[in-house]
Amino acid sequence: MEFKRVILYKFGEDCNHSVWNLKGLDQKVKVEYFFNKLYVAASRATDYLFVVDSEKGDRQLWQYASDEALLQAMLGHARSKTRWEENVRTITPGTPATARQMREDDPGAIALEFETKGLNAENPGLLRRAKQFYSDMGDRANADFCEAWALKFEGHFCEAGGYFLGLGDSDQAWDCFWQGMCWLELVNWYNLHPQEQAAERFLTLFMAAPPQDLDALHQFASVVLNQKQTINTSEQWTQARQEYANRIEAFLNNPKFKPEQWQQFGEGLAALEFAEPSRFYKLAGDCFYRAQNYEQAIYYWEAGDAMQTPEYFWAKALGVGMPEGLEYLAQAGECDRIIAEWQQAGKPRDRQWLTYVAFALETKKHYQQAFVIYVWLDELVKVKACFDAASLNRPPIKLLKVLFQYLFRRKYWSEAIDAIETYLPIVTGSESRKLDLNFDIIYEISGSDLSPHDLNNQQRQYYVEFIKTQILATPDWYQDLLIQQVGIALEKVGAVTETLSFYEQFVNCIDPELRQFARERWIATQKKQEQYARNQNNLDKARKIYSELLKQSASWAIVPDSVSLAPPLVSRERPRLPLPKSAAAPTFQPQPPTVQEPVIQGLPRGTKVERIEDGIIGFEVRHLAIKVMSSSKQVLITDVLNSRDVRVDWEQCQVNIGEATIDAMGSHQLSFALFTSGYRGILICDKKTPRLELDVQGCQSKILIELR
C-alpha cells in the first residue's frame, strides 16, 4: 500500500546506538528487523518522504543519511555506480516551507485511500482510520459504512448488521445476521422483507421460536422434507440440525403426539445428514417406534448401533409376530407381555411358547405356575428349582402330587426317591390327604415304565419297605388302590418274595377276575424266581421252585408258558367304593337318602374324589377344580390359573360363564367351550339321566358326570 506523503517519526531515537558496531548474532537479528521496518515505511511514499526526529535520533541515525562524503565513499563500492547515483540522495534539513508541505490538503482522498485499502485487505484498522477522516469531515454515512465493514471483519455481526440496516443495505445486513446467527434480528429482517420465502427463512423462524413451539417444529420438519436440496453443511444448518434433534428428544415422553406426527419427526431426522449419525439414527428410530412404524425404527436403531433397548426388542417382536417374537420380548424383559400373549393365544402347549412363558413366570416369581410349565417342558433342574421356590420348605400336597407324577412318568427313578424322602415329612395338609400321597406314589409306580433293572439294590429295598410300611400296613388301603395296582408295583420294583406273598392272598379270591389275575402273576413271579436261581447256579433251588410252579399251574389249569413275565398294563381307575369321611371334616353326617351320589367316569389316573360337605363332592383335573353339588343340581368348574368360574345348572339347563348365561333353546343339549382354560363341555338335560361331558386338554379320555 502506497501513500503520497509518508512521515518517518522518531525512527532515529528508537535506533540502537551500537547499530554501527555489531557484536554477536543476537544484535545482528535485532538490527535487521529494525532496518526492515524502516525500509517498509520509507518505501510507501510516492511523492514526499518526511523525517521528524529528535537531536538524539539525528546523532544515532540520520546524520549518516545526510553525510554526502560518506555517500560518495559507499558509491565507490557499487558495481553499477551510475545506477546508484541516479537513485540515491542524502536527506536535507527541513524549512518552514517543508512544514507546510507536510500538511495534508485532501483528507477526502486519504479517507478514500484508507477505505479502499481496508476493504481490499479486510483490515478493520484501516477502515477505522478512514472512518476518522470521514467523521472529521462530517461525512456520517461514509463513517458508518467504514464502521459497519470493520465490525463485520472483526466478527461482530449483529452490530455490523445494524449499521448496514441504517445505511439501507439490506443484503449486507442479512448476510451479517446470517453469519452471526442472530436469529431474532433475522426474524425482524424477514418481517421487513416478507416476500423472501427461502428455506433460510423457515430455519430462522424455527431457531428463534421457543423450544416448546410445536408449530415451528412441524414447519421446520416440513421444510426439511420438501426442500432437502437447499440444506447444506454450513454452520447455520449444523446448528439447526442439533436444535431440531434436541427439541425432539425433549418431547420423546410426550403422550399427546399422534403417530403421524412422530412419523414426520422421524422422516425429518432421516432426511438430514449429521456429524454424529449414531445419536441421530437412534433418535430417528425412537420417533418411528412411537409412530408404530417398527420396520423403520429397527432399521435406524441398527444403523445407529442402538439395539440394546427394550423398545428395540419389542419392535422386533412385533415385526416377526408370535411365537417367534417371544425371544425378543424375553430380551426386553417384557415378562408380563409374554404371559399376556400366551393367554391371548389360548395357552398353547407348543415348546416354542412354553420355553419363554416358563421364563416369564419364573422371573415374575410365579413359581407354582412356572413349575407346571417346566413339568410340561421336562426341564428337571428348573422343575426342582421352582418347586422349592414355590414350597418354601412347606410343599402343599397338590404341588407335591404333580411332582411325583412328573418324576415317575418321566422315569426319574432316583430323583423320585429323593423327593419322597425330602418332601413327604414336611408336606402341609390334613393327615388323610398326606396318607393319600403314599397311595398316589404306588399308583404312579404301577402305571410307569419302571423295571427292576432301573434300580440298584438300595433303591429296590427302599421301595419294598415303602410298600410294606406305608401301604400294606395301612388298614383299608384297598379303598384307594386296586389290588392289581399294588401287585404290579411290587413286580416293577423287583420285590420277588414280597410279590409272591402278596398274590398268594388272592389266588382263591371269590372274584373270578381278581383270582385269575393273582394266579397268573404268581406264576410269572415264580418263573422269575426260578430263573434267578438258575442264573445264580443254584440248580437245586431252581428245580424245587419249578416243581412247585408246575404243581400249582396244573391245579389252576394254567399253562406256565402262556403267562408273560412282563407285568400287564394295569387299570388306571381307582377303587369305586363309597366315599370315606374327610379327615378335614370329622363332623360329617351321611347325606339324606333323597340325594343320590353322582357317577363319575373317565377321570385321569391319580384323581382323588372327596366329599367336601353335605351334597357336594369335589375333585381336581389338571388346573381345573370341579365341585358337583347334587342338592342344588349344579356343577362349579374353576380354572385355578385365572380364577375363571363356570357354573352348570342341569335343573335349569343353563351354563353361566361370568356375567353371561347360555340357555338350551328347543333342545335338551347345550355345548360350551373355554379355549383360554383349555376345556369344552356338553350338558345333556335328559330328565332320566342328566349328565355332563367334559373334554379337558391333555386328558386322554372324556370325563362323564351322571347327574342324579
ask   = Would you call the rings of Phe371 and Phe387 parallel, tilted or perpendicular, where under 30° means parallel and over 60° means perpendicular?
value = tilted

message = Taking the ring centre of each residue, are Phe177 and Phe157 less than 6.0 Å apart?
response = no

request  = Any chance you could measure Glu243, atom CD, to Ile248, atom CD1, to the nearest 0.5 Å?
outcome  = 10.5 Å

task = Please name the residue in the list Ile91, Leu8, Ile7 that meets the side chain to side chain contact (heavy atoms under 4.5 Å, CB included) test with Leu49.
result = Leu8

ask   = Between Asp388 and Lys384, does at least one N-O distance fall below 4.0 Å, as a salt bridge requires?
value = no

key: Geometric class of the Phe265/Trp262 ring pair [parallel <30°, tilted 30-60°, perpendicular >60°]   = perpendicular

key: Face-on cation placement of Arg247 at Phe206 ring, 6.0 Å and 45° thresholds   = yes

query = When the ring planes of Tyr281 and Tyr300 are compared, do they come out parallel, tilted or perpendicular, using 30° and 60° as the limits?
reply = tilted

inquiry  = Please enumerate all residues that pass side chain to side chain contact (heavy atoms under 4.5 Å, CB included) together with Ala130, with sequence neighbours excluded.
reply    = Phe114, Glu115, Tyr134, Cys146

Backbone of Ala209 reached by a side-chain donor or acceptor of Asp213 within 3.5 Å = no

inquiry  = If you compare the SG positions of Cys158 and Cys176, is the separation below 2.5 angstrom?
reply    = no

message = Going by side chain to side chain donor-acceptor pair (under 3.5 Å), Ser54 matches just one of Lys10, Gln60, Glu13, Arg59. Which one?
response = Glu13

More than 12 heavy atoms of other groups within 6.0 Å of Gln296 CD = yes

